[in-house]
Amino acid sequence: MNNFNPADKIQDLQYFGEFGGVNPSISDSSTYTFLSAKTMFDTFEGNAEGCYLYSRHSSPSNLYLDKALAAMEGTETANVSASGMGAITPTILQLCGQGDHVVSSRTIYGGTYAFLKNFAPRFGVATTFVDITKLDIVEAAITPNTKVLYCETVSNPLLEVADIASLAKIAKKHNIKLVVDNTFSPLSVSPAKLGADIVIHSLTKYINGSSDTVGGVTCASQEFINDLKNVNSGASMLLGPTMDSLRSASVMKNLRTLHIRMKQHSHNAMYLANKFEADGIKTVYPGLASHPSHEVYKNMINPEYGFGGMMTIDVGSLDKANALMELMQERNLGYLAVSLGFYKTLFSAPGTSTSSEIPLEEQAEMGLTDGLIRFSIGLDNDIERTYQSMNACMKELGILQLENA
Ligand code: PLP
């Protein structure tokens with residue numbers, strides 16, 4: 001893994017536009033002509049390399065982005081989709097059918113949790129939710145019907161870290177697929193290089209980075225992506241969560257600056273996490289030595305991209321969390337908004353927003369407390385200045401005592 005650098009893989013892609021443009025041309029068509037009826041038939045059968053049929057299946061613009069994201073994750077190929085959920089749900093439905101079983105981390109994005117808990121059972125797919133950091137518990141949950149082991153590299157919102165290499169060993173032993181959502185840690189972690197079978201992203205977040213679209217991707221083997229796109233039985237082809245070509249072209253351009261952005265997000269988050277912790281605020285950030293999985297994460301990351309831009313603090317109560325977020329927004333330190341990976345800082349209280357699908361008693365059990373604020377730290381040029389302003393907000397609201405200067 002040490003000599004795999006995902007940013008180099010992105011840099012090395014050379015795409016020319018149709019008229020010699022420096023960006024690839026956008027394929028602004030939903031359907032494609034054939035000069036012979038025989039080629040159309042062959043394309044339907046999947047035997048006409050390089051021919052396009054209909055853009056729900058694939059389009060030249062989407063294939064450029066597929067190729068770039070596969071290069072970034074070190075997988076054979078990829079399939080972009082209209083949203084992260086549009087990547088996650090077909091992937092799971094492709095791997096699992098009636099009577100099958102999933103073992104999933106219990107601290108995952110609320111939408112994925114709701115899909116596995118409430119929706120997948122309608123198709124006869126059951127899920128056992130486990131503490132993904134306890135490898136013996138993970139393995140014990142696997143049954144003869146288990147097809148998928150599912151986790152997020154760094155979980156949403158509690159920032160638990162999955163030991164991907166160890167989970168991959170368990171998955172191989174039981175002949176099941178390890179599916180990893182790497183949305184929080186692009187470039188920093190390369191799950192496929194650690195043994196994951198399938199890597200998923202919500203492109204909505206860091207990869208696009210400008211909070212102007214939703215998007216997703218499944219990075220996997222050619223065989224699995226062919227299965228997803230199969231005209232007779234492919235979950236992506238038949239459920240139709242296709243990304244629009246115009247959007248994939250714009251995400252592609254943003255992907256080119258991801259390495260610079262990730263370094264700045266990580267630098268800023270590390271700075272603030274150190275400062276908040278020193279101020280006596282309960283701070284969770286994988287880059288802090290106090291994080292329970294700090295060592296696991298340290299051994300897993302491509303170090304130059306750091307520990308990412310996500311952190312949480314606990315200010316004691318929902319009222320205080322809400323007051324702090326409102327004041328920080330008023331002082332232009334970021335936006336009170338869900339999502340992540342934006343150039344400005346975003347903050348939200350996960351218990352009442354992105355994880356509200358998780359019942360209150362389960363939130364309590366997994367340590368998702370009322371006073372928790374999730375930060376997606378932005379690209380601020382002068383993070384010390386940001387810290388001083390945040391610190392002033394905390395003092396003004398009595399979250400920090402004045403003498404804790
Ligand atoms: N995975 C993670 C870790 C997320 O945080 C999210 C959204 O917040 C998703 C998946 C879903 O992605 P999308 O909103 O693009 O469908």
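Order of appearance sets the numbers: ligands from 1, and atoms from 1 within every ligand.
Below 4.0 Å from some heavy atom of Ile88 lie the following atoms of ligand 1, by number and element: 10 (C). Taking every non-hydrogen atom of Ser202 and a distance limit under 4.0 Å, the qualifying atoms of ligand 1 come out as 9 (C), 10 (C), 12 (O), 13 (P), 15 (O). Using a 4.0 Å cut-off to heavy atoms of Glu152, the atoms of ligand 1 that qualify are 3 (C). For ligand 1 and Thr204, the ligand atoms under 4.0 Å from any heavy atom of the residue are 13 (P), 15 (O).
Where the criterion is an N or O separation shorter than 3.5 Å, residue side chain and backbone included, Tyr109 fails it with respect to ligand 1. At under 3.5 Å, not a single nitrogen or oxygen of Phe184, backbone or side chain, sits near a nitrogen or oxygen of ligand 1.
If you check each of Leu203, Asp181, Val217 against atom 10 (C) of ligand 1, the one with the closest non-hydrogen atom is Asp181. Residue Lys205 holds the heavy atom nearest to atom 6 (C) of ligand 1 of all those in His201, Lys205, Met85.
Between Tyr387 and Tyr271, the two ring planes are perpendicular [angle over 60°; tilted spans 30° to 60°]. By the 30° and 60° cut-offs, the orientation of the rings of Tyr285 relative to Phe307 is perpendicular.
To the nearest 0.5 Å, the span separating CG on Leu258 from CG on Asn254 amounts to 9.5 Å.
Side-chain polar atoms of His174 and Glu139 form a donor-acceptor pair below 3.5 angstrom. Glu277 and Ser290 share a donor-acceptor pair across their side chains, judged by distance under 3.5 Å alone.
Aromatic ring centres of Tyr206 and His265 lie closer together than 6.0 Å.
By the 4.0 Å heavy-atom criterion, Gly215 is counted among the residues contacting ligand 1.
Both tests hold for Lys344 against Tyr335: distance to the six-membered ring centre under 6.0 Å, angle to the ring axis within 45°.
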